[in-house]
Amino acid sequence: GSVEWVKIFVDGAEKDKLINKQYKKTLFLETGAHTIGARVKFKNDDKEYGANEIKIGVKVAWDYVPPMPTPSPTPTP
């Protein structure tokens, strides 16, 4: 079927809805690991379809997890 739109998601949030047949988008992302996905809606179809998500890293590995801060000791009275 003919595509009505494609929605682009980054880290679970919708970033853009593409309706132009080029379906191209440049994303500028913060440093860190991100998950990118897309959903598509076809004309004459009430459903939305999703593709697999991909994980990428911007200036870090795709599976980077930021370190947890070490709690500072608190003095006891």
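The residues of the chain are indexed from 1 along the displayed sequence. Hydrogens, waters and symmetry mates play no part in the numbers below; they use all other heavy atoms, side chains included.
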Reported CD-to-NZ distance for the pair Glu30 and Lys59, which is rounded to 0.5 angstrom: 9.5 Å
Asn44 atom CG: more than 12 heavy-atom contacts under 6.0 Å: no
Evaluation steps, side chain to side chain contact (heavy atoms under 4.5 Å, CB included), between Glu48 and Trp5: CA-CA 10 Å; Glu48 292 182 21; Trp5 51 254; 3.3 Å; yes
Between CD on residue Glu14 and CZ on residue Arg39, distance to nearest 0.5 Å: 10.5 Å
Pairwise distance NZ(Lys25) to NZ(Lys7) - rounded to 0.5 angstrom: 15.0 Å
Spatial distance of atom CZ (Phe9) from atom NZ (Lys15) [nearest 0.5 Å]: 11.0 Å
Shortest non-hydrogen contact from Asp11 toward Ala33: OD1-O, 4.3 Å
Spacing of NZ belonging to Lys21 relative to CD1 belonging to Ile19, to within rounding of 0.5 Å: 12.0 Å
Distance in Å, Leu29 CG paired with His34 NE2, rounded so as to fall on 0.5 Å steps: 4.5 Å
Side-chain (Asp16) to main-chain (Ile8) donor-acceptor, under 3.5 angstrom: no
Contact summary for Gly32 and Val60, nearest pair of heavy atoms: C-CG2, 3.4 Å
Verify same cluster id: Tyr23, Ile54 (apolar side-chain graph, 4.5 Å): yes
Test item: Ile56 and Ile36 side chains (from C-beta on) under 4.5 Å apart, heavy atoms: yes
